[in-house]
Structures are given as structure tokens and as C-alpha cells.
Asks: 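Have a look at the structure that comes next, please.
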Protein chains: 2
Amino acid sequence: MAATLHDVARVAGVSFKTVSNVINNHPHVRDSTRAKVEEAIAALGYRPNLTARSLRSGHTGAVTLAVPQLRLPYFAELADAVIDAAAKHGLVVLIEQTGGERERELEVMSSPRLKMSDGLIFSPLGMGQEDAELVKADVPVVLLGERIFSSGCDHITMQNVAAARAATEHLLDLGRQRIAVIGAHEGEVIGSAGLRMRGYREALEARNIPYDDAIVGYMWSWHRANGAAAMRELLERGVEFDAVFGLNDTLAQGAMRVLQEAGYRVPDDLAVIGFDDLDETRYSLPTLSTVDPGRDEIAETAIRVLMERIKNPDGGAPREIETAFRVVGRESTLGRNNSGANEPGPSDPNR
Amino acid sequence: MAATLHDVARVAGVSFKTVSNVINNHPHVRDSTRAKVEEAIAALGYRPNLTARSLRSGHTGAVTLAVPQLRLPYFAELADAVIDAAAKHGLVVLIEQTGGERERELEVMSSPRLKMSDGLIFSPLGMGQEDAELVKADVPVVLLGERIFSSGCDHITMQNVAAARAATEHLLDLGRQRIAVIGAHEGEVIGSAGLRMRGYREALEARNIPYDDAIVGYMWSWHRANGAAAMRELLERGVEFDAVFGLNDTLAQGAMRVLQEAGYRVPDDLAVIGFDDLDETRYSLPTLSTVDPGRDEIAETAIRVLMERIKNPDGGAPREIETAFRVVGRESTLGRNNSGANEPGPSDPNR
DNA sequence: GCTCCATTTTACAACGTTGAATGCTTGAAC
DNA sequence: GTTCAAGCATTCAACGTTGTAAAATGGAGC
């Protein structure tokens with residue numbers, strides 16, 4: 001059995017509370033006593049029992065991260081960033097996979113095991129705006145993404161509209177006029193797809209280019225295979241376009257693959273841009289231009305905001321935070337008037 | 001403040017222990033009492049305090065998974081599988097990233113916060129065989145991978161040698177004779193690289209094909225960029241080869257990209273195979289043949305073995321378990337005498 | 001040598017739960 | 001109407017820690 005404060009105290013010849021005082025760096029511990037205790041701690045290999053500490057102190061030093069699936073690269077990279085950000089503050093991360101199912105998402109928030117952590121970073125996919133009031137848990141929640149706004153808890157989101165607009169403008173700047181879209185969601189307004197479409201349309205409007213639904217590929221799911229399928233459909237439709245905006249990188253990769261199979265050259269015949277700046281976009285053939293939506297910033301901000309909220313649960317109104325983005329030009333949009341330089345986006349960290 | 005057993009008891013008009021009995025499905029609780037208590041539980045929205053339960057019962061219902069980085073797709077998919085497997089048994093997963101650094105790996109094992117979980121699934125990268133005795137923690141450990149054997153704890157590994165041999169044979173069966181390798185580790189014998197190289201050499205020997213170090217690309221790190229770099233080096237070297245075995249999928253993808261850039265057609269000019277069966281291999285251009293090393297089986301077995309060991313820490317000698325593998329033929333090795341069919345590998349779950 | 005204060009240490013009571021042991025009901029058997 | 005044994009419910013003591021308050025120690029001042 002592991003050593004306890006009492007064991008250490010017995011060996012050091014002091015009371016167990018003194019040992020506790022040493023461990024917690026309390027003032028008023030004589031140096032000689034401290035030395036004696038530390039010796040005993042080392043001798044016994046004592047390690048504090050965090051469960052007991054949690055029970056007593058009321059906090060656990062862990063945070064929960066709930067995401068759809070880690071096998072989706074976006075969420076794997078997000079989780080990676082969250083774990084690193086948490087580690088910097090001495091927190092561990094406990095991960096729940098929801099599969100993007102509304103029911104599981106609700107379950108995660110009401111599960112008693114959420115209380116094994118001090119807070120929840122929650123990236124819903126199945127729940128939507130109509131569920132805003134259901135975003136309630138026994139611990140502070142930081143919401144990620146654009147599925148739900150005004151839920152009453154802190155919310156961090158990327159600038160979907162502005163970033164998608166910038167991506168579209170990046171293509172327009174290459175002289176492309178007929179920009180196909182992959183991954184739109186029929187009738188959606190407020191999700192990632194809807195917002196990015198809005199940015200796309202704004203960019204077109206600003207240049208008086210008519211919106212054409214014929215070059216928009218609707219696709220509910222955003223896996224690579226869906227990008228491929230949507231692109232095949234567009235090709236079969238026989239419509240013309242000179243660029244493709246994948247609403248995420250995975251879709252863009254799938255689309256790009258189909259284009260190449262069909263004999264098109266990227267970027268010469270068709271320029272392609274994605275969204276997310278996944279690691280893999282650096283290694284595709286050609287490398288994929290994309291938008292970095294500020295994933296690291298999202299992770300770090302989420303941890304920071306959550307910690308503040310844990311420390312002070314009633315610390316002011318819920319915050320809506322948008323992260324800075326940046327268009328990352330790579331080979332898939334290389335052109336005559338474009339050397340692949342990065343275009344910084346505006347930073348608006350606390351709107 | 002959240003409701004406790006005592007609050008529920010007060011509302012239900014019984015002693016708090018009776019409430020505990022109801023929650024834990026103890027026998028000898030009258031139906032009428034049970035109903036009363038359940039009503040009170042619902043009315044108060046009572047949720048058991050898992051921290052207190054852990055302290056009292058000595059187990060937490062969580063397991064720790066320590067991996068190098070989630071942004072490496074292999075580990076993201078492994079973590080995904082582990083979380084799903086754990087969820088089936090009602091366990092949560094707590095993830096630690098070691099960055100593959102030996103020091104961090106040792107730290108994870110000796111950290112007091114490991115005790116926030118009941119066991120550790122540990123995938124070391126920085127530690128090696130010489131550290132076998134250091135694999136010790138306050139909780140049961142299940143070791144994954146091939147960096148360390150005979151550590152005294154349960155160990156689950158893929159059949160690297162046999163699987164790599166099968167992958168090589170898959171290429172040989174296409175009539176390829178000069179199979180380049182990407183990602184070998186100079187002088188390594190026991191790690192993934194060393195074992196897969198052994199499988200490669202065994203396959204060659206069995207067919208009396210001489211081993212040629214000139215078509216082996218050494219590369220310590222296994223990211224996409226490294227696969228690309230190794231392949232560029234091989235091409236510059238001017239050596240001839242008609243197939244490529246990437247010691248993992250990521251390397252193979254990087255290598256394949258460089259080959260295509262250089263004007264080679266895959267699989268016509270060069271067949272390429274990887275290792276790991278990452279999701280993305282299904283979507284590259286061409287789709288990448290690979291070896292499924294049994295990742296889901298690894299995850300499920302790890303959870304099962306760990307649970308057994310948690311329940312019964314002295315339950316017999318440590319086990320060495322190997323998972324079944326299977327060669328997955330895709331477009332990158334499509335040939336005349338090969339329709340891309342899958343070739344099952346032997347199952348040897350309990351050697 | 002005694003008092004007094006500051007410093008250091010200790011005792012005690014929580015935190016919310018479960019297991020062991022004990023006490024109280026109830027209905028059936030005598 | 002007792003007695004007895006289940007069946008049911010309760011009391012008590014942990015689990016290992018930290019905060020509070022009280023006690024001990026020690027050195028300075030008289």
C-alpha cells in the first residue's frame with residue numbers, strides 16, 4: 001500500500017499535519033523540521049493521494065474535453081493543442097468522444113463523471129442552436145465551434161465568415177471567377193458550413209460576381225470520401241469552374257484527388273483551397289492552400305478562460321471570443337500573381 | 001452546491017446510508033423505500049460525488065493513456081479506439097502526451113496524478129529496452145509497442161516481423177524484385193523499425209533476393225516530411241528500384257508524393273506499400289496499400305487486460321500478447337496478378 | 001525565573017462516500 | 001402473546017487530505 005501523510009509523519013517523528021504543511025509550502029515550518037520531513041518523504045517514496053486532496057479541496061486538477069471523434073484529424077489536432085495548453089497549467093485532460101451524436105453530447109454534460117474534472121471544453125456537433133439552453137453542467141463549460149451561440153457560457157469560435165471570405169478572395173485574387181464549393185449544408189445558416197458559405201458569398205458580392213448554386217456541392221458529412229463524392233457529382237453535372245473551395249481540408253483533399261484522377265492539373269487548371277490547416281495539408285500533392293483558423297489560440301484561450309471561470313464561477317457575463325485566422329497559401333493555389341505568401345487575418349480576441 | 005446523500009436522505013425521510021444502498025443496488029431495500037428515495041434523487045437532481053466514491057472505494061473508473069502526440073495520426077486513431085473500448089466498460093480515459101521524450105515518459109509513470117486513474121496504457125517512444133526495469137507505476141501498466149520487452153508488466157504488440165514480411169511478400173508477389181525501404185533506423189534491432197526491417201529481410205532471403213543497403217532510406221523520424229526527404233535522397237543517389245516499402249503509412253505517403261513529383265507513376269512504375277492502415281490511406285492518390293496491424297484489437301485487448309490486472313493485481317505472470325494483422329491491398333500495389341484483394345494474416349492473440 | 005508574544009506544531013473536524021456491524025421491524029410459527 | 005429469524009434500516013468508522021483553532025515551544029524583556 002502506498003505511503004500516506006501518517007506514515008511520513010511517523011518516520012519523521014512529527015504530526016501528520018506538519019507533513020501536510022511542508023507539502024503545501026505553508027509558512028511557519030522550521031527549516032530543520034522541513035528537512036526531516038522531506039527526508040522521510042523521499043525515504044518512503046510518498047506521493048500525495050490526489051483523490052483525497054480533490055475530495056477535501058473540491059477541485060481535481062483535470063478538465064474534460066468532449067469532441068466527436070479523435071480519428072477526425074481536426075479534432076485530433078485540437079485535442080493535442082488542448083492537452084499541451086492544459087499541461088502548461090498543470091492540468092490533465094480527460095477525453096470523451098461523442099461521435100457527434102446529440103444524445104451522447106447531452107449525456108456527457110449530465111454524466112456524474114464530469115465531476116471528475118473541474119471544467120468542460122465542449123465541441124458539440126449533434127446539438128444545435130435550439131439546444132442552447134441545454135448547455136448546462138455541474139462544472140464551468142467553455143463551448144467551442146459555431147453550432148451553438150448565447151448558451152450562457154463562455155464561447156470560443158473561429159471567424160468563419162471572415163476567414164471563408166478571405167479564402168475566397170485568395171482565389172479571386174488569382175483571377176478565378178467560377179469558384180465551386182464543396183461541403184455546403186442545405187439551408188444551414190449558423191453552423192460552420194452556413195457561416196463559411198456566407199463568407200464565400202460576401203466575397204463574391206463584393207466583386208459583383210453572381211452566386212451560382214450549380215457549382216455548389218452539398219454534402220452533409222465532411223470526410224474525405226464525401227469531398228470526393230461531391231466533386232464527382234459536380235464533374236458529372238458538366239458545370240464549369242476554375243477553382244474549388246473545400247469547406248474543410250478533408251473535403252478539399254478528397255475533391256482534389258478526384259480532380260486529378262479526372263485529368264485536371266492543380267493549380268494550373270483548377271486552384272483548390274481548404275479550411276483548417278491540418279498538418280496533412282503540408283504534405284499532399286500538391287500541398288494544399290488553406291485557412292489556419294487559429295487552432296492553437298482556441299486551445300490556449302479555452303484553457304485560460306476555463307481556469308478563470310473555475311476560479312471565479314460568477315466572474316461576469318459569458319464571453320464570446322473569436323480567434324485570429326490566416327490564409328495559408330500553398331501549391332494548390334500557386335499562380336502568376338501569387339507567390340504563395342501568407343496573408344494575415346485580423347485578430348479580434350475579445351469581441 | 002450539489003446535493004449529497006444526506007440531502008437526499010433528508011428529503012426522502014430515511015438515513016443517508018439507505019440512499020447509498022439504493023444507489024448501489026443493495027439487496028434488502030423495500031420497494032416502497034426505494035421508490036421514495038428515487039423520487040428524492042430525481043427531485044434534487046442528485047449525482048454521486050465520484051471523488052468521494054473513489055477515495056472510499058480505492059478506484060476511480062478512469063484509465064490513463066500515455067502516447068507521444070495526438071497529432072500523429074497513428075496515435076490519434078489508437079486513442080480513438082482506446083476511448084471507445086474503455087467506454088464500453090464504463091471507463092473514462094485521461095490522456096497524457098509525452099512527446100516521445102524519455103524524460104516525460106518517466107515522469108508520467110511517477111507522477112502522482114497517475115493515481116487519478118486505475119491503470120496506465122503506455123506507449124513509449126523515448127524509452128528503450130535498457131529502461132525495462134523503470135516501467136513501474138503505482139497502478140497496473142499495460143505496455144504497447146515494441147520499444148520495451150520483459151518489463152514485468154503486460155505487453156501488447158503487433159506482429160511487426162511477420163506483418164512486414166507479409167507486406168514485402170505482397171510486393172514480391174507482384175513481381176517486384178528491388179524493393180526500397182523508407183524509414184529504417186541505423187543499427188536498431190528491437191524497435192518498430194528494426195523489427196519491420198527484419199521481416200523485410202526475411203521475405204527477401206526466403207526468395208533468395210540479396211539485401212541491398214543502397215535502396216534503404218534511413219530516417220529517424222517518421223513524419224510525412226521525412227518520407228519525402230528519404231525518397232528524394234534515394235532518387236538523388238541514382239539507385240534503381242521498382243517498389244517502395246514505407247515502414248509506416250506516413251512515410252509511404254511522403255515518399256509517394258515525391259515519386260509522383262519526379263514523374264513516376266504509382267503503381268505502374270513503382271508499387272508502394274505502407275504500414276498502419278491509417279484512415280487517410282483510403283483517400284490518397286492512389287489509395288495506399290498497407291498493413292492493418294490490428295489497432296482495434298490492441299485497444300480492446302489493452303482495456304481488457306488492464307481491467308483484469310486492476311481487479312487482480314497479482315493475477316499471474318505478465319502476458320505478452322500479439323495481435324493479428326492483415327495486408328490491405330489498394331491501388332498503390334495494383335498489378336496484373338493482383339486484384340487488390342486483402343490477404344489475411346495469422347492470428348496469434350496469446351503467445 | 002516568570003511573563004508574554006511570535007513562531008511552530010498539533011488536534012480536530014470536515015469533504016461525501018461505502019463496508020461492517022448493530023439495532024429496529026415485521027410477520028410467521030409456536 | 002411470545003419468540004425468532006429474516007428483512008430492513010441505521011449508526012459508526014474509515015478513505016487521505018486540508019482549514020481552523022487551539023496548544024506547545026522558545027526566545028526576549030523585565
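Naming convention: chains lettered A, B, ... in sequence-line order (proteins, then strands); numbering from 1 in each chain.
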Asks: Check whether any side-chain heavy atom of B/I95 lies under 4.5 Å from a side-chain heavy atom of A/V93, and answer yes or no.
Replies: no
Asks: I want to confirm an ordering. Mapping A/R56 and A/K17 to their closest nucleotides on DNA chain C, which one lands closer to the 5' end?
Replies: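 In this pair, the answer is A/K17.
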Asks: Determine: side-chain N/O of B/N49 to OP1/OP2 of C/dT17, distance under 4.0 Å, yes or no.
Replies: no
Asks: Please report the distance, rounded to the nearest Å, between CD1 in B/I23 and P in C/dT18.
Replies: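 About 6 Å, once rounded to whole Å.
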Asks: Locate the shortest heavy-atom distance separating A/V11 from A/A40; write the atom from each residue and the value.
Replies: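 Of all heavy-atom pairs spanning A/V11 and A/A40, the closest is CG1-CB, 3.7 Å.
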Asks: Starting from P on C/dT9, measure out to CZ on A/R10 and report it in whole angstrom.
Replies: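 Atom-to-atom, A/R10 to C/dT9, this comes out as 19 Å.
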Asks: State which of D/dA9, C/dT9, C/dT17 makes the closest approach to the side chain of A/T33.
Replies: C/dT9
Asks: Can you tell me if CD on B/Q129 sees more than 12 non-hydrogen neighbours from other groups inside 6.0 Å?
Replies: yes
Asks: In whole angstrom, give the distance that lies between atom CZ of B/R47 and atom P of C/dG16.
Replies: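 Going from B/R47 (CZ) to C/dG16 (P), I get 15 Å.
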Asks: So for B/K115 and D/dG16, does any side-chain atom that can act as donor or acceptor lie under 3.5 Å from a complementary atom in the base?
Replies: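 Such a pair does not exist between side chain and base.
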Asks: For A/F16 and for A/R30, locate the closest nucleotide of DNA chain D by heavy-atom distance; then report the residue assigned to the nucleotide nearer the 5' terminus.
Replies: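 Between the two, 5'-proximity favours A/F16.
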Asks: Please determine whether a side-chain nitrogen or oxygen atom of A/S15 lies at a distance below 4.0 Å from atom OP1 or OP2 of C/dT10.
Replies: yes
Asks: Calculate the interatomic distance between B/M116 atom CE and D/dG16 atom P; express it in whole Å.
Replies: 17 Å
Asks: Rounded to whole angstroms, how far apart are CG on A/L44 and P on D/dG16?
Replies: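 My rounded result for the distance is 14 Å.
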Asks: Identify which nucleotide among C/dT8, C/dT18, D/dT17 has an atom closest to any side-chain atom of B/R53, counting heavy atoms from C-beta outward.
Replies: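 So the side chain of B/R53 is nearest to C/dT18.
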Asks: Using 30° and 60° as the class limits, which term best fits the ring planes of B/H6 and B/F16: parallel, tilted or perpendicular?
Replies: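 Parallel: the ring planes of B/H6 and B/F16 meet at under 30°.
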Asks: Between atom CG in B/N24 and atom P in C/dA20, what is the gap in whole Å?
Replies: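 The distance from CG of B/N24 to P of C/dA20 comes to 13 Å, rounded to the nearest Å.
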Asks: On a heavy-atom basis, which atom in B/V37 and which in B/A12 lie closest, and how many Å separate them?
Replies: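 Reported closest heavy-atom pair: CA-CB, 4.1 Å.
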Asks: Toward the 5' end of DNA chain D, which comes first, A/S20 or B/N21, by nearest nucleotide?
Replies: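 Result: B/N21.
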Asks: B/D7 has an atom CG; how far is it from atom P of C/dT17, in whole Å?
Replies: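 Rounding to the nearest Å, CG of B/D7 and P of C/dT17 are 9 Å apart.
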Asks: Counting only side-chain nitrogens and oxygens, does B/T18 get under 4.0 Å of the OP1 or OP2 atom of D/dA9?
Replies: no
Asks: Using only side-chain N and O atoms of A/H26, determine if any of them is under 4.0 Å from OP1 or OP2 of D/dG19.
Replies: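 Yes, such a contact exists.
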Asks: Between D/dT17 atom C1' and A/L5 atom CG, what is the distance in whole Å?
Replies: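 In whole Å, D/dT17 C1' lies 6 Å from A/L5 CG.
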